[in-house]
Enquirer: 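Below you'll find the structure I mean.
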Amino acid sequence: LDEVKFGTNWLAQAEHGGFYQAVVDGTYEKYGLKVEIVQGGPQAANRALLMADKIDFYMNGNLLGSFSAVEQGIPLIEVAAIFQKDPQVLIAHPDQGLETFEDLAKLPTIFMGKDGYSSYFQWMKKAFEGFSDAQYKPYTFNPAPFIADEQSAQQGYVTSEPYAIETEGGFKPKLFLLADAGFETYSTTIEAKVGFVEDNKDLVQRFVDASIIGWYNYLYGDNEAANAAIKKDNPEMTDGQIAFSIKTMKEFGLVESGEALESGIGCMKAARVTAFYDQMVDAGVVKADLDVSKIYTTDFVCKGVGMDLKK
Amino acid sequence: MTMATVDNQHSLSGEKNRKATKSLPEAARWISVAGRMAIPLMMLVLLITAWSLYVWAFDVPHYILPSPMRVAVALYTDWPILAPALLVTLKITFTALTIALVGGVALAVLMAQSRIAERALYPYAVILQVTPIVAIAPLILIYAPSTQAALLICAWIVAFFPILSNTVQGLKSTDHNLLNLFELYGASRWQTLVYLKMPNALPYFLAGLKIAGGLALIAAVVAEFAAGSAGAGSGLAFRLLESQFRLNIPRLFAALFLLSLTGVAIFLTTNTISYLLLRKWHESALKREN
Amino acid sequence: MTMATVDNQHSLSGEKNRKATKSLPEAARWISVAGRMAIPLMMLVLLITAWSLYVWAFDVPHYILPSPMRVAVALYTDWPILAPALLVTLKITFTALTIALVGGVALAVLMAQSRIAERALYPYAVILQVTPIVAIAPLILIYAPSTQAALLICAWIVAFFPILSNTVQGLKSTDHNLLNLFELYGASRWQTLVYLKMPNALPYFLAGLKIAGGLALIAAVVAEFAAGSAGAGSGLAFRLLESQFRLNIPRLFAALFLLSLTGVAIFLTTNTISYLLLRKWHESALKREN
Amino acid sequence: MKTSPTDRNDALGQATGTVAKAPALVSLKNVSKTFANGTVALRDMSLDISRGDFVSLLGPSGCGKSTALRIIAGLGDASSGSLAWPVRSPVDDKSGTGGPNQDISFVFQEPTLMPWASVFSNVYLPLRLKGLSRTAAREDVMDALQMVGLESSAGSYPRELSGGMKMRVSIARALVTKPKLLLMDEPFAALDEITRFKLNNDLLHLWEKFGWTVIFVTHSVFESVYLSNRIIVMAARPGRVVQDIAVDAPYPREEEFRTSDTYNDYCRQASQALHSAMEVSEPA
Amino acid sequence: MKTSPTDRNDALGQATGTVAKAPALVSLKNVSKTFANGTVALRDMSLDISRGDFVSLLGPSGCGKSTALRIIAGLGDASSGSLAWPVRSPVDDKSGTGGPNQDISFVFQEPTLMPWASVFSNVYLPLRLKGLSRTAAREDVMDALQMVGLESSAGSYPRELSGGMKMRVSIARALVTKPKLLLMDEPFAALDEITRFKLNNDLLHLWEKFGWTVIFVTHSVFESVYLSNRIIVMAARPGRVVQDIAVDAPYPREEEFRTSDTYNDYCRQASQALHSAMEVSEPA
Ligand SMILES: Nc1ncnc2c1ncn2[C@@H]1O[C@H](COP(=O)(O)OP(=O)(O)OP(=O)(O)O)[C@@H](O)[C@H]1O
Ligand SMILES: Nc1ncnc2c1ncn2[C@@H]1O[C@H](COP(=O)(O)OP(=O)(O)OP(=O)(O)O)[C@@H](O)[C@H]1O
Ligand SMILES: [Mg+2]
Ligand SMILES: [Mg+2]
């Protein structure tokens, strides 16, 4: 068995379900891999660990990170994109007369993480009228300030925060998925060092395939054991939250939409990456003239692996 | 007028508590201890009442500020989750405090013994103090042999400086006459350090310890944020974070309460140590008798 | 043997640097100042060389540990971004330090004046010290009138404790004979505080100040992480995070370097203040003359 | 043989326990002092001191002289027994506490100077505490410093002074308030004989001029005889009064008094009293 | 009239500048001391002290006695001039520094005790620094404490002692090492006369028995005459030697010596010397 360390970008949750599934149901093992999942967190340094070769694969949030890597000359490459859509969402109170994404510009306050501020918010300011820095307030990963202030919005993962707000805050918030507003990045990509990929093509292929199979099984098969593993890693996780996440992932087509429907989970297409890059250059979020072809490879995906598991 | 009556016909200005409990029987001593506890406890009751009233009167939603009752319930029901996390945090705290103590005192001694060492090293001690852990955690994680080690390094960085700084000040505050005496009797540097400078630095060191005790706890939490191992073996920091994220605010407060309690316990311990070490001779711990 | 020659036929044991620079002419004094700077500078050169060598010898990628040269370049090219951020951080730092000073000393005075106040308040000071800012930042954000205020509250919570704790210890360390003297002359509590306890607490307070200076800087950064603004008006914390997020590690190090420099500058300032205030009378700052 | 305007001598009893005829200025009755560590510093000490007295306390080292002085000053309570100020009129008693605070001064056995303050500021302290401004106090402070020969050291810090100079600063600080009751604990022990004699005379003149009451601890039998109209000899372990000697020599006393026979007789008497006090004292 | 085995008296010059015949134990030549604040504590002080001497320093308060003693002890360098130990044999000099460290003791003017250590530990200190274990030192320490009458206070802390008791602890600490050279800065000033006389005699006996050299600062003319074979009288501002009086009375001296005519003569002589020293001193 080849030992592989895979670092996620957050604490264990249903959004990582496919990977846990592949671990617990023996898919990785079948593919000759012994995978250890290293949880992330708000300040965890899993990406730095990837760069320092302390882990082998990293779960990257969106492609902006990859653009930064190529800008800084860091040899990182995406080998699969598990989420076709970024689950990043802006959440607002109902009954505030907010109908479209642009309406968020009317709010005096948007709670955002610093990374959100320096990525999609820059895009929002460019792409829509009326967003401004004055709206920014820091999001400390606690939705209470948002709930306390009706005239505000906050960032979130469509699969997570809305659930907490609904159950604890007692109201059904309005959700504005960034992806639906035109923020067309892939998400939850599998990232590795370029050199590692070149030297271990077979291993990478096996990891990608097994992970994709894990995801099909997680979404359509018996995922109880995987959920148990998630709850073991993150004891704060509740069954309700997991069920909500899975439901939402399906509802919004996070994992399966676009190319994934034809070529299987994890599929990436050059055209979409380039289009997103141009969009971001236009918004002034990233530098122009980067060679974005370096940041991904489609060699390992879009092969229809595991599509037969879908029921 | 019998000999045994205390009958001061004039009352003295100044503090009355000098007329202390020294010769009282055991029972009375306990009453006095109880009296000493009474004020903080009253304060606690007051605070909790005010908090309850505020939550009740303004109908504050529990996800913003839970009532004390709710926090108590969370503490009770979540105890099986919180207790092991507390243990982990305590372990890091005490390990960090221990190495902060050893490291801080060792550095202080080095600096007090040699001007060159002081000038060469102090700036770097300061730099360590002012470097935000979050920013260098990745580096530490990369170079540390294990996450556990990384955690301890982070915690140490936060906690060692107060001990270092106070101990240096204490070591330097040695009475010059006593230094002369030691020089005269041909004391070696080491003897001067152990028999003179160190006892003399004790009050300063202990003040530093009081700061470092709380700081080590904070350091353990911060280190866990920055470099932490998540999951089953994680400490209070992760409980805090996830509780927040999940809007389980009563549990967040229960965790905070445990942290506070730990902090106060550490403080009382360092305070007691300080009292025991100084009570025989240092002004700060002596009762005024003459 | 002429009168003017210093000709000690026996050499003394103990430190030689007591034979100090007091009566040297101006030029010689400058040489001595230069000598004092030489050691830290040499240390700096050494460190930078070692760092460069390490990066070069092991071919460490710049995104893990950039070479000093790269950091210098980043510092130069990113100066227009970093400078305003530094200014913002400095402003928060000094505001936080000021209120930590005022608050810490005021609390210490209150506690040293009244046992009841001490017992009632000290536990809560400790609790404030050990509460992780990240955990209560949301509450502060909700209740503070503005982000700026929230920031300052966060920073104050981090920085005030060392001052409080050290000052309390200092206020309590007053010589009992002098206390007696003041009592005898019917000094009011206030007079005893201002004319006796406070000057006496100065060395302790100053040791606390040295700790708090660095801590205020860290506090400013941490507060900005937790409650601060982003974008144009943001401080170094935001730049740090952003650099990390953007994988711009040289800029991250440049920002860290600025923080370190600020920390050392603050330390040197507090150290100088300490020296100036104590040099006339306190052992720690006096040259041994007899 | 009363030479001062106040009724200096009418309070002299013969020995312990005798009640004074006129109300005493301060009166210790059966005062005992046991320290926290169990040391019995004083046991059943009774002593009446009349207004205008110049009383010397004489006794072996460690017999409780300083402790007695502190109790009289109101610093540190007695463990049992009583301390009273019978004749103190309400007018004197500004603080309303019945205590002696307003017009008492104390020269401690150790200089007890504030190391952070200059000599001037140290002497200025009691006046500052009374609310006087620096300029208003300037003259008094400089006068006091001149009396102890330290006017040129006003700007120095205590650490820059010799042992005797520190003690003189402490004396100046006590004199600067012109106190009604002056408690002095071996004030001149660290001074050379010439300075000591000079200060002896200065002190006597002030005492006569202002009608002060002085309680004076000394180890010098000569000094006690020269200065005081009453010598209290104490014994140690536990500290108590064993002899009460009235020195019936007229004031003003000048240097010639030091060579007079009366003087020598009293010296011998005090010396003997001290010797017998040593004998009844348990070994320290 | 030499009564001690060592050549105690042959080093006595008449006044400043006279060279001693035999090599001196310690020799100050034109020593000056200016403090950082500009105070000239000593100017051109020259002094040879022979092995076995018992030298008293007498002088007005602040004239530089303590400063001179410190310079001799090697604490604080002179600003100019030289300090030499001519006869010091290599055998004595274990430290190899040529300094006096190995067999010198100093009683400072202030007790200078470690507040955190018991009386026993304070006296034990010099032996501890020499490497002796507590048990090995026990007897010596208790002997020294007994000599000063404090054996029952061995377990007390300094703050629990009276002023005189603290000073006696300091004396015990100096005597416990049986030093060859003993420097004492007003050691007995805080003691009652009886204790003082007893300690005077004890000190004299030890000095004779062990052939010590003692340099002794005192303010008591009587004490200086009673104890020493040589009295150095200093004047102040700047501090310097103004008279060097050889006290040619035989040892052992007992209490009767205090009433002898020789004694009185010398006392008068020393007193006069002190008076004239005061006159040549600038006012402090
Ligand atoms: N704080 C204290 N704790 C315990 N014992 C004490 C304390 N202060 C003084 N004593 C003891 O009380 C006794 C009397 O002390 P006091 O200072 O009054 O003596 P004294 O007569 O002034 O002696 P001296 O002439 O040496 O100054 C001594 O035996 C001393 O050891
Ligand atoms: N650290 C110092 N800085 C400045 N001046 C000092 C210092 N120490 C002593 N002096 C001055 O030096 C002079 C001599 O001091 P020294 O202590 O030697 O006097 P002394 O003869 O021992 O007096 P005393 O009998 O009062 O103890 C004094 O005028 C004093 O003010
Ligand atoms: Mg006394
Ligand atoms: Mg002196």
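Per chain, numbering begins at 1; letters A, B, ... match sequence-line order. Keep in mind that the numbers below use all heavy atoms, side chains included, and drop hydrogens, waters and symmetry copies.
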Enquirer: What I'd like to find out is whether the side chain of B:T270 reaches to under 4.5 Å of the side chain of B:L206, using heavy atoms alone.
Expert: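 A side-chain contact is absent here, since even the closest heavy-atom pair is not under 4.5 Å.
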Enquirer: Determine whether the aromatic ring centres of E:Y124 and B:Y195 lie less than 6.0 Å apart.
Expert: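 Not under 6.0 Å, so no.
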Enquirer: Checking heavy atoms, do the side chain of E:S121, its backbone, both or neither come under 4.5 Å from chain B?
Expert: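 No part of it gets close to chain B.
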Enquirer: Does any heavy atom of chain B fall under 4.5 Å from the side chain of E:E110, the backbone, both, or neither of them?
Expert: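 Side chain only.
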Enquirer: Just give me the residue among B:L277, B:L196, B:D175 that pairs up with chain E most often, heavy atom to heavy atom, under 4.5 Å.
Expert: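 Winner by heavy-atom pair count: B:L196.
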Enquirer: Give me the atom names and distance for the closest heavy-atom approach of B:P199 to B:L193.
Expert: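 Nearest heavy atoms, B:P199 then B:L193: CD-O, 4.2 Å.
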Enquirer: Is E:F106 in contact with chain B via its backbone, its side chain, both, or neither, using a 4.5 Å heavy-atom distance?
Expert: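 Both the backbone and the side chain of E:F106 come within 4.5 Å of chain B.
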Enquirer: Specify which of E:T112, E:T177, E:L113 makes the most heavy-atom pairs with chain B at under 4.5 Å.
Expert: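 Among E:T112, E:T177, E:L113, the one with the most close pairs to chain B is E:T112.
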Enquirer: Checking B:L278 against chain E: side chain, backbone, both or neither under 4.5 Å from a heavy atom?
Expert: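 Neither the backbone nor the side chain of B:L278 comes within 4.5 Å of chain E.
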Enquirer: Please verify the inter-ring angle class for E:W207 with E:F54; under 30° counts as parallel, over 60° as perpendicular, anything in between as tilted.
Expert: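 Taking E:F54 first and then E:W207, their aromatic rings stand perpendicular (interplane angle over 60°).
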Enquirer: Among E:I171, E:V217, E:L183, whose side-chain contact (heavy atoms from CB on, under 4.5 Å) with E:V107 holds?
Expert: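 Only one option passes, and that is E:I171.
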Enquirer: Between E:L125 and chain B, with a heavy-atom cut-off of 4.5 Å, which part of the residue counts as in contact: side chain, backbone, both or neither?
Expert: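 Only the side chain of E:L125 comes within 4.5 Å of chain B.
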Enquirer: Mind checking the CZ-CG spacing from B:F182 to E:L129? Nearest 0.5 Å is all I need.
Expert: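 Between atom CZ of B:F182 and atom CG of E:L129 there are 5.5 Å.
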